[in-house]
Structure formats: structure tokens, C-alpha cells
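Data first, discussion second: the structure below is written as C-alpha cells.
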Amino acid sequence: MNGRSKIKMAVLGGGPREKDLLKDFVDLGLELVFYGSPPFSIEGIVVVDSLESLLKGASILFVPSSGFDDDGRLREPFDESLIFKEDFFSVVEKGAILFLGYAKNPLKKRLQEESISYIEYLHHEEVATLNAIPTAEGAIQLALEGLSTTIHGTKTLVLGLGRVGLALSRRLMALHASIIGVNRSKEGLFKGVEMGLSVIPLEEMESYLGDVDLLFNTIPALVLDSHRLHLIRREALLFDLASAPGGIDFKRARDLHLKASLCPGLPGRLFPERGASILRETLPSIIEREVIHRGGDMDGG
Ligand code: NAP
């Protein structure tokens, strides 16, 4: 890095899938520091024995895409004692950036209270665009496993015509599903029109629900509430692909004996190799552009 001291990245956890990505970070010129026992070794990393040593001077805190559970515990920690609570926040350096897959609202609120900047890399345009492909393929895989008929001719609704909704619709069209795309904004509807999809605005969805065999939701807001769920037949298969809080009232769906499945993390879960390579194709350059070059005064260590 032009003779300057290296930027320190504290790596908070990860699994074997992260190994090559972390090597890429070393090649980028970052000083990687670990605390605990990583399930792999990488040349050039530093392993420390306390949270203080991990976080002191660290400009970037890297969280693996498996992220946190609701108690703030990493799903893949290098050390079980690393909990995202008081101890942790009190040692984070001022100005450090937390680089994590995504954050639920309580964590976002906490980070804002602590004035800790963060980047949700799974929501970054470049990552999300590529991730839409395995997500769409994975959704079709799950549907095929659940259906007793072909997708060809199956009456299908796709709620949300953003990156995932469009990628999924394109593939369902190729399989000759009888498909309608549903969206709130005209922009999404027109993108659907451009690719030859039949589309309807969100508020008109109810007239189509009674007839549907297959429904995929990609809208991260409660769109299938009790009233709308009442209109759906018990034989229909519903897949919620949206991030928490998702778009389906699952409790109500259970009460109505509907077949509704929550399907988080499909790229990593169903296509781990591709999920990992997407992160390698995108994250080093995002860090370089949005963290290293933007923060010329960020040299830690
Ligand atoms: P995106 O491109 O931002 O699209 C979001 C879609 O949701 C758009 O159609 C948007 O409509 C709609 N929307 C958002 N908030 C809404 C609201 N309050 N009311 C109505 N419509 C709303 O996102 P994406 O990349 O397609 O991802 C979609 C969801 O899937 C996200 O929650 C993402 O985190 C999740 N995801 C899940 C997986 C998985 O494995 N399950 C993988 C990747 C992504 P407008 O056009 O009107 O804004």
C-alpha cells in the first residue's frame, strides 16, 4: 500500500468457505487479524489472544456471510466468547467499518447508537445482482421438489420484480410456467413488460390469488397478510425468498394449513461453491473502492 502501514482487518469468524476470500484480502494488502481458532490457516495472518488485541487499530471488521443469530452470536465464530454485545462495542475503534452480510433492524439500531458505520455486502448491488442467479435456480429447485407436476403450465405468481424476482421470472418463463409478475413500482412492472412477462400492480394481486398453484415472494414486507392468505388454496405452494421480516404471515399460514416455506440463504445453502466464488468476485474490489480508497486516512495498526 505505497509504503504506508497496512490497513488492519479484524476477522470475526468464518468457515472453510471463507478461506480463499480471506487470502484475497491478504493479497489486497490488508493485515488480517484473527482471534480464536480458525478452521484453516492462511499465510501472513496474525492470531491474537484477546478481543482488545483483535479490535485495537482495526479499520475494518469482517463478518462472514453466515452472520449472527438473534442473540448477537456469530454462527461461525473463531472463538465462542465473541459476542456482539457491550464488551464488543466498547473496544471497537472510532471510525471502524463493520463489513457484514446483512443486519437485522435491532442490530442496525444498535450500530447507529454506537456510531459504527457498516456495509451490508449481501445487499450491495454487485453482490445482489450475481446472487439473484443461484437464488432463482434454488427457488426453482425447491419448487420442483415440492410439486407433483411440471412447472410447465403451472399458474405462478412472482411477488416483487427486483433483481431476484426478475431473474426468477425469466427462468420460469423459459420453463413455460403460466406466470404473472406483481410489483409496487412502475419501474419494476416495466422491466417485466420489457422481457415479455405478464404483470400486474401489487394492489391487484388479490384477484389472482385464488387460482395460483405456485407463489414466490421476494418482497421484504408483509404482503401476504391474513386477508390475502385466506384467498389461497391449500394445494398451492408458497415460497418466501425475502429477507426478514419476509412477506408471509407464517403463523396465519400454518393456521390455514397452507404449504408455506421460508427459504433464506439459498446461494450459500444450495450452491456453496458458487456462493463463495461470488463473494470472491465482488468483495475485494468493493473493499478497495469503498473502504480503502474512500478512507485515505484509514491506516490502522
Ligand atoms: P431488490 O432488487 O431491491 O427488489 C426488492 C423488491 O421488493 C422490489 O420489487 C421492490 O418493489 C419490492 N419491495 C420492497 N419493499 C417493498 C414494500 N414495502 N412494499 C412493496 N414492495 C416492496 O431486492 P432483490 O435483490 O430482488 O432481493 C429481494 C429479497 O430477497 C430481499 O429481501 C433480499 O434480501 C432477498 N434475498 C434472498 C435470498 C435467499 O436466498 N432467500 C437471496 C438473495 C436475496 P419496488 O420496485 O416497488 O421498489
Side-chain angles (χ1 to χ4, degrees), residues 17 63-68 75 100-105 107-108 118-143 145-146 157-172 179-195 197-206 209 214-225 227-228 237-250 260-279 281-283 286:
R17 263 188 287 137
V63 177
S65 57
S66 50
F68 303 97
R75 293 201 174 85
L100 78 173
Y102 68 93
K104 289 189 178 172
N105 286 337
L107 177 57
K108 282 186 190 164
Y118 60 92
I119 293 177
E120 296 176 275
Y121 54 78
L122 290 178
H123 290 170
H124 192 283
E125 185 66 30
E126 291 167 26
V127 183
T129 299
L130 287 182
N131 258 341
I133 301 166
T135 307
E137 286 194 23
I140 290 173
Q141 177 176 328
L142 296 179
E145 285 166 6
L157 281 186
V158 174
L159 310 186
L161 296 174
R163 289 165 296 224
V164 173
L166 289 171
L168 177 59
S169 299
R170 196 171 286 115
R171 284 154 182 79
L172 290 166
I179 169 178
I180 295 175
V182 180
N183 204 61
R184 173 183 63 178
S185 74
K186 286 220 161 95
E187 189 186 339
L189 290 172
F190 292 163
K191 283 182 181 168
V193 169
E194 183 278 328
M195 59 187 241
L197 182 68
S198 301
V199 297
I200 54 164
L202 193 61
E203 59 275 12
E204 287 177 26
M205 153 172 68
E206 281 163 26
L209 288 176
L214 198 51
L215 182 148
F216 300 94
N217 174 59
T218 73
I219 298 176
L222 185 61
V223 280
L224 287 182
D225 56 13
H227 167 65
R228 286 177 173 157
L237 297 184
L238 317 181
F239 297 95
D240 197 352
L241 309 179
S243 302
I248 299 179
D249 180 342
F250 277 92
S261 313
L262 184 61
C263 315
L266 296 182
R269 199 150 56 87
L270 297 181
F271 309 102
E273 199 177 305
R274 184 60 187 136
S277 69
I278 286 175
L279 296 183
E281 283 167 33
T282 52
L283 297 197
I286 293 173

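Residue numbers start at 1 and run along the sequence shown. Start at 1 and go down the list; that is how both ligands and their atoms are numbered. Since this is a predicted model, take the numbers as computed values, not measurements. Every heavy atom of this structure was used, including side-chain atoms; hydrogens, water molecules and symmetry mates were not.
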Could you pull out every protein residue that has a heavy atom closer than 4.0 Å to ligand 1, ordered by chain and then number?
His123, Thr135, Gly160, Leu161, Gly162, Arg163, Val164, Asn183, Arg184, Ser185, Leu202, Thr218, Ile219, Pro220, Ala221, Leu241, Ala242, Ser243, Cys263, Pro264, Gly265, Leu266, Pro267

Heavy-atom side-chain contact between Ser65 and Tyr102 under 4.5 Å
no

Does Glu125 come within less than 4.0 Å of Arg163, counting only side-chain N to carboxylate O?
yes

What pairs with Phe271 under ring pair (Phe, Tyr, Trp, His ring centres under 6.0 Å), at least two apart in sequence or on another chain?
none

With distance as the sole test, does Asp240 use its side chain to make a donor-acceptor pair with the main-chain N or O of Gly246 at under 3.5 Å?
no

Sorted by chain and residue number, the side-chain hydrogen bond (donor to acceptor under 3.5 Å, both in side chains) partners of Ser261 (sequence neighbours excluded) come out as none

Applying side-chain hydrogen bond (donor to acceptor under 3.5 Å, both in side chains), can you list everything that pairs with Ser198, at least two apart in sequence or on another chain?
none

